[in-house]
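Presented below is the structure to which this report refers.
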Amino acid sequence: MTLSDQALDALLKRLHLANTRRAWRELTRRAEQEEWSYRDFLGLLVSEEIAHRQQTRLDRLVRRARFPFLKTIDDFNFIHQSTVRLSLLGSALAPEFVSDGRCLILGGKPGRGKTHLAVAIAYRAIQNGFDALFVTAAELIDDLSAAFRSGRLAEVLTTYVQPGVIIVDEVGYLTYGTDAANMLFHVVNDRHRKRRAMIFTTNKAVTAWGRVLHDEDLAHAIVDRILERGRMLTLDGPSMRTKHLGLDDPTSPEASDQPARISGIQAPEFPEPTEVVGARGFEPPTPRSRTER
């Protein structure tokens, strides 16, 4: 049986083998030149199609996740961290992190790499076969508040409950409305019941979330559900954004608490009189009489 190129291309199109349609002519030419067996040719053709589909799926899920940037765990620099090591993240990078509905709170000052680490963990979840979603705490709260006012809370809530893993970034960075705790609790509680993985980044201690979210009781309930199947990691070290300035190095001039000097003069060029008279402090010298001059 002999098929024309057009007929074979039409069959591959019906099977939705887009990459095979692009690759089979070149692979056929190589197979004839290098005298591949039929099995080797077929194996390579199928492998190329599978690899293409996997990459296409990754690209699609990354776009859907709405990451602010794409970073992997290999991109993260652990050198400046004294509290977080790659070995501590083993369980967060495994498929069980999502399938078991585990959670993670990444704390620390700005610039320590919390968002980078959160995105890297979520990207690994995508590689492990799950979907993910990135959202800032302010965006999530504002979106759900607007949905509540318009009577669409249940509909919009599905957006934040359905993904296999969600990143809620920057808890505590901005001021939220008085219903912030209520809105965030809906997401956390529903995901907790359905055993869906969650990652939070924050610059505030969890004990301060009550003040941030305007409700101590609901904040406690939120943290309680997150940490039931989760843990906290605090990132330290210098800020990656301003490390070149040495602001976190106590020995650097930029980190000094001393007032800045413009002229570089250590002391006033014309000092005030230093004679102390009793408890009255400084007094100017007594003028001399004409005869003393």
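Interatomic distance, Leu17 CG to Leu12 CG, rounded to the nearest 0.5 Å: 5.5 Å. For the atom pair Leu106 CG and Asn203 CG, the distance stands at 12.5 Å (nearest 0.5 Å). Here the straight-line distance linking atom CG of Leu104 with atom CD1 of Ile121 works out to 5.0 Å at 0.5 Å rounding. Atom CE in Met232 sits 13.0 Å away from atom SG in Cys103 (nearest 0.5 Å). If you take CZ on Arg124 and OG1 on Thr72, they are separated by 8.0 Å, rounding to the nearest 0.5 Å. Distance CG/Leu117 to CG/Leu233: 7.5 Å, rounded to 0.5 Å.
When all heavy atoms of Arg53 and His16 are compared, the pair lying nearest together is NH2-O, 3.2 Å. Considering all non-hydrogen atoms of both residues, Ile167 and Ala118 come closest at CD1-O, 3.3 Å. The minimum heavy-atom distance linking Ala125 with Val165 is given by the pair CB-CG1, 4.0 Å. Scanning both residues, Leu235 and Lys114, for their nearest heavy atoms gives CD2-N, 3.9 Å. The nearest pair of heavy atoms linking Pro163 to Ala132 is CB-C, 4.2 Å.
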Determine, step by step, whether Asp179 and Phe148 satisfy the side chain to side chain contact (heavy atoms under 4.5 Å, CB included) criterion, reporting the C-alpha distance in whole Å, the side-chain angles of both residues, the deciding distance to 0.1 Å, and the verdict. CA-CA 10 Å; Asp179 61 347; Phe148 177 77; 5.5 Å; no

Candidate pair Phe185 and Asp215, rule side chain to side chain contact (heavy atoms under 4.5 Å, CB included), full reasoning: CA-CA 11 Å; Phe185 178 79; Asp215 192 314; over 6 Å; no

Please step through side chain to side chain contact (heavy atoms under 4.5 Å, CB included) for the pair Val212 and Tyr173, ending with a clear verdict. CA-CA 9 Å; Val212 169; Tyr173 278 69; over 6 Å; no

Pair Phe78-Ile73, side chain to side chain contact (heavy atoms under 4.5 Å, CB included): steps then yes or no: CA-CA 10 Å; Phe78 289 92; Ile73 197 65; 4.1 Å; yes

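No side-chain heavy atom of Asp131 sits less than 4.5 Å from a side-chain heavy atom of Ile126. Contact annotation: the side chain of Leu44 never approaches that of Asp40 to less than 4.5 Å [non-hydrogen atoms, C-beta and beyond]. With a 4.5 Å cut-off on side-chain heavy atoms, Lys204 and Val171 do not count as touching. Looking only at side-chain heavy atoms (C-beta outward), Trp209 and Thr202 come within less than 4.5 Å of each other. A 4.5 Å side-chain heavy-atom check between Glu48 and Thr20 finds every atom pair outside the cut-off.
With sequence neighbours excluded, the residues satisfying salt bridge (Lys or Arg N to Asp or Glu O under 4.0 Å) with Arg193 are Asp190. Checked against salt bridge (Lys or Arg N to Asp or Glu O under 4.0 Å), Glu170 has no partners two or more places apart in sequence or in another chain. Remark: Arg191 pairs with no residue by the salt bridge (Lys or Arg N to Asp or Glu O under 4.0 Å) rule, at least two apart or across chains. The salt bridge (Lys or Arg N to Asp or Glu O under 4.0 Å) test applied to Glu35 returns no partner, not counting sequence neighbours. Under the side-chain contact (heavy atoms from CB on, under 4.5 Å) criterion, Arg14 pairs with no residue, sequence neighbours left out. Qualifying side-chain contact (heavy atoms from CB on, under 4.5 Å) partners for Glu228, counting only residues two or more places apart in sequence or in other chains: His192. Under the side-chain hydrogen bond (donor to acceptor under 3.5 Å, both in side chains) criterion, Glu34 pairs with Trp36, not counting sequence neighbours. Residues passing the side-chain contact (heavy atoms from CB on, under 4.5 Å) test with Asp5 are Trp24, Arg25, sequence neighbours excluded.
For Phe67 and Phe69, the ring centers sit 6.0 Å or farther from each other.
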May I have the list of side-chain donor-acceptor pairs in residues 216-227 shorter than 3.5 Å, sequence neighbours left out?
| residue | atom | partner | partner atom | Å |
| --- | --- | --- | --- | --- |
| Arg225 | NE | Asn189 | OD1 | 2.9 |
| Arg225 | NH1 | Ala221 | O | 3.2 |

Please tabulate, for the side chains in residues 88-102, all donor-acceptor contacts under 3.5 angstrom to protein atoms that are two or more places apart in sequence or on a different chain.
| residue | atom | partner | partner atom | Å |
| --- | --- | --- | --- | --- |
| Ser99 | OG | Pro95 | O | 3.3 |
| Asp100 | OD2 | Arg102 | NH2 | 3.0 |

Show every donor-acceptor pair shorter than 3.5 Å between a side-chain atom in residues 133-144 and any protein atom, with sequence neighbours excluded, or say none if there are none.
| residue | atom | partner | partner atom | Å |
| --- | --- | --- | --- | --- |
| Thr136 | OG1 | Glu139 | N | 3.1 |
| Thr136 | OG1 | Glu139 | OE1 | 3.3 |
| Glu139 | OE1 | Thr136 | N | 3.2 |
| Asp143 | OD2 | Tyr160 | OH | 2.5 |

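Surrounding CZ of Arg211 are at most 12 heavy atoms belonging to other residues, nucleotides or ligands under 6.0 Å away.
When hydrophobic side chains of Ile, Leu, Val, Met, Phe, Trp and Tyr are connected at separations under 4.5 Å, Ile79 ends up as a singleton with no cluster partners.
No side-chain donor from either of Gln54 and Arg57 sits under 3.5 Å from a side-chain acceptor of the other. A donor-acceptor pair shorter than 3.5 Å cannot be found between the side chains of Thr56 and Asp59.
Following chains of ILVMFWY side-chain contacts shorter than 4.5 Å, one cannot reach Phe76 starting from Ile105, and the two form parts of different hydrophobic clusters. Clustering ILVMFWY residues whenever any of their side-chain heavy atoms sit less than 4.5 angstrom apart, transitively, puts Leu70 in the very cluster that holds Leu58. Follow the hydrophobic side-chain contacts under 4.5 Å out from Val168 and you never reach Phe130; the two are in separate clusters. At a threshold of 4.5 Å between side-chain heavy atoms, the hydrophobic network of Ile, Leu, Val, Met, Phe, Trp and Tyr places Leu8 and Val46 in two separate groups. One hydrophobic cluster, built from ILVMFWY side chains closer than 4.5 Å, cannot hold both Tyr38 and Leu42; they sit in different ones.
Looking only at distances, no side-chain donor or acceptor of His214 sits under 3.5 Å from a matching main-chain atom of Ala181. Side chain of Arg112 to main chain of Pro110: a donor-acceptor pair is present (N/O by atom type, distance under 3.5 Å, no hydrogens or angles).
Salt bridge annotation for Glu26-Arg30: absent, with no cationic side-chain nitrogen under 4.0 angstrom from a carboxylate oxygen.
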